[in-house]
Amino acid sequence: MDKESVVAKKKFGQNFLKDESVLRKIVEAMPKSDNKVVEIGPGLGDLTKFLVDVKSVEAFEVDTDLCKLLQNIFKEEIATKRLHLHCGDVLEAWKSTLIDEPYDLVANLPYYIATNIILKALADPMCKNILAMVQLEVAEKFCATSGEKAFGSLGIITQSVGVAKIVTKVPPTAFDPQPKIDSAVFLIQKSRDRSDKAFEDMLRVAFTQPRKTLMKNLSSKYEKAKLQGAFKELKLTLMIRPHQVSTKDYHQLYKII
Ligand code: SAM
């Protein structure tokens, strides 16, 4: 099989990035580090080509047809160990870490599991930076700060481990086949590992009904008197909504309750 005869498989979220100017923007935005690069879903290898030029790459591809194609395209890079291609589901390969050395994740992710992959990368102590293309709406959630409409548990988890920003928005026309939604490349530079599970459980409760007050959401699980004391101590009004509270105050609130 050659590249031209590949038919994209919907079940694997295959939207191949064809716009070279976007590929270049991704490479330019790569963090300057000595870390290895992990690419999830190399697809037809268009981004991989740029990546192996600058770093050695570990790539994970689930589609066996594409894996065979990639083994052909990158014969030389595989032989010289510039590229290590893992054929199989990345989620099955991912234990507490994905590889056993520090890495930066650089990928145009399959959208059906993009949020899950980013959360796993945030929790992976070997993952130092994440540069990923996902649905615009998802990128906005990871990059949102307190007060913004998209601010929720994903933004708080991200801010708890480092800093995030949108690098560029990408229209459907950049892909083949074209997705129905806009996409975005975003960068998370990690300085800590993901916070503990109990904190994230509290966030889930805090945002169960985003339009209701934070007090109402939290009192479904936590003792009301304790919450009232905590709100008073942190000078939060009883009417405050979950997206209006800062990441710092969520951490304080967690400590108190
Ligand atoms: N990187 C290519 C590009 O930019 O054109 C392809 C990106 S495409 C959006 C997503 C890629 O992820 C596809 O190649 C797909 O087969 C692969 N993929 C989907 N699910 C996967 C999984 N669970 N593990 C590894 N790769 C997966």
Side-chain angles (χ1 to χ4, degrees), residues 1-30 36-55 57-74 77-78 82-95 97-99 103-121 123-124 127 130-139 167-187:
M1 188 171 59
D2 56 21
K3 259 171 109 166
E4 283 63 42
S5 55
V6 169
V7 179
K9 297 185 181 95
K10 243 190 178 161
K11 67 169 176 177
F12 290 141
Q14 290 175 355
N15 299 99
F16 301 112
L17 179 57
K18 287 293 153 204
D19 187 329
E20 202 166 310
S21 68
V22 181
L23 286 165
R24 285 187 193 287
K25 271 188 200 158
I26 295 176
V27 176
E28 276 160 22
M30 277 170 68
K36 239 193 179 159
V37 164
V38 163
E39 186 187 10
I40 295 175
L44 301 174
D46 292 300
L47 177 59
T48 322
K49 240 188 207 123
F50 282 89
L51 297 178
V52 290
D53 266 354
V54 284
K55 287 276 183 84
V57 177
E58 302 260 344
F60 295 78
E61 176 55 65
V62 73
D63 184 339
T64 40
D65 294 331
L66 291 185
C67 241
K68 280 184 207 141
L69 184 75
L70 290 163
Q71 272 157 351
N72 245 326
I73 299 174
F74 293 102
E77 289 81 357
I78 291 171
R82 191 74 179 161
L83 173 67
H84 185 179
L85 185 62
H86 305 255
C87 297
D89 185 339
V90 71
L91 296 177
E92 278 172 25
W94 215 321
K95 308 299 172 209
T97 64
L98 183 53
I99 59 169
Y103 71 89
D104 296 334
L105 172 64
V106 183
N108 169 19
L109 289 175
Y111 294 172
Y112 72 107
I113 43 168
T115 302
N116 193 2
I117 287 175
I118 302 291
L119 287 173
K120 282 183 91 66
D124 184 341
C127 178
I130 300 166
L131 179 64
M133 170 111 71
V134 297
Q135 306 90 312
L136 174 61
E137 200 190 328
V138 171
V167 173
T168 185
K169 294 184 184 171
V170 183
T173 48
F175 303 88
D176 182 27
Q178 295 187 16
K180 290 198 174 68
I181 42 157
D182 285 325
S183 305
V185 178
F186 76 112
L187 173 68

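Worth saying up front: this structure is predicted, and the values here are computed from it rather than measured. First listed ligand is number 1; within each ligand, the first listed atom is number 1.
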### Task
Could you go through the side chain to side chain contact (heavy atoms under 4.5 Å, CB included) check for Asp124 and Trp94 one step at a time?
CA-CA 9 Å; Asp124 184 341; Trp94 215 321; 3.1 Å; yes
Nearest-contact summary for [atom] - protein heavy atom, Å:
{"atom": "atom 21 (C) of ligand 1", "answer": "Val62 CG1, 3.4 Å"}
{"atom": "atom 14 (O) of ligand 1", "answer": "Glu61 OE1, 2.7 Å"}
{"atom": "atom 23 (N) of ligand 1", "answer": "Asp89 OD1, 2.9 Å"}
{"atom": "atom 12 (O) of ligand 1", "answer": "Gly41 CA, 3.2 Å"}
{"atom": "atom 24 (N) of ligand 1", "answer": "Val90 N, 3.0 Å"}

As an exercise, identify every atom of ligand 1 less than 4.0 angstrom from a heavy atom of [X].
{"X": "Leu66", "result": "14 (O)"}
{"X": "Glu39", "result": "1 (N)"}
{"X": "Gln14", "result": "13 (C), 15 (C), 16 (O)"}
{"X": "Asn108", "result": "3 (C), 4 (O), 5 (O), 7 (C), 9 (C), 10 (C)"}
{"X": "Gly13", "result": "8 (S), 9 (C), 10 (C)"}
{"X": "Gly43", "result": "6 (C), 14 (O)"}
{"X": "Leu109", "result": "9 (C)"}
{"X": "Pro42", "result": "1 (N), 2 (C)"}

## Note on the structure
Between Pro42 and Leu85, the two heavy atoms sitting closest are CG-CD1, 4.2 Å
### Query
What is the minimum heavy-atom distance between Ala114 and Gln135, and which atoms define it?
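For Ala114 versus Gln135, the nearest heavy atoms are CB-OE1, 3.9 Å.
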### Query
More than 12 heavy atoms of other residues, nucleotides or ligands under 6.0 Å from NZ of Lys18: is that the case?
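Yes.
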### Query
Take atom CD in Gln71; do more than 12 heavy atoms of anything else shown fall under 6.0 Å from it?
yes
### Message
Applying salt bridge (Lys or Arg N to Asp or Glu O under 4.0 Å) to Arg24 and Glu20, what does each step give before you reach the verdict?
### Response
CA-CA 6 Å; Arg24 285 187 193 287; Glu20 202 166 310; 2.6 Å; yes
For ligand 1, which part of [X] has a heavy atom less than 4.0 Å away: the side chain, the backbone, both, or neither?
{"X": "Tyr112", "answer": "side chain"}
{"X": "Ile113", "answer": "side chain"}
{"X": "Phe12", "answer": "both"}

### Message
For Ile113 and Leu91: C-alpha separation, side-chain torsions, deciding distance, then whether side chain to side chain contact (heavy atoms under 4.5 Å, CB included) applies.
### Response
CA-CA 9 Å; Ile113 43 168; Leu91 296 177; 4.0 Å; yes
Is there a polar contact between ligand 1 and [X], counting only N or O atoms under 3.5 Å apart?
{"X": "Asp63", "value": "no"}
{"X": "Asp46", "value": "no"}
{"X": "Phe16", "value": "no"}
{"X": "Leu17", "value": "yes"}

### Message
Once rounded to the nearest 0.5 Å, what's the spacing between atom CD1 of Ile99 and atom NZ of Lys36?
### Response
5.5 Å
### Query
Out of curiosity, is Asn15 lining ligand 1, as in a heavy atom under 4.0 Å away?
yes
### Task
State, with a plain yes or no, whether a side-chain heavy atom of Met133 is found less than 4.5 Å away from one of Val22.
yes
### Query
Just by modelled atom types, is the Ser5 backbone N or O under 3.5 Å from a matching donor or acceptor in the Asp2 side chain?
yes
### Query
Do NZ/NE/NH1/NH2 and the carboxylate oxygens of Lys3 and Asp46 come within less than 4.0 Å?
yes
### Test side-chain contact (heavy atoms from CB on, under 4.5 Å) applied to Val54 - qualifying residues, sequence neighbours left out
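Once residues adjacent in sequence are excluded, the partners of Val54 under the side-chain contact (heavy atoms from CB on, under 4.5 Å) criterion are Met30.
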### Those residues that, when tested against Tyr111, pass side-chain hydrogen bond (donor to acceptor under 3.5 Å, both in side chains) (two or more places apart)
Ser183
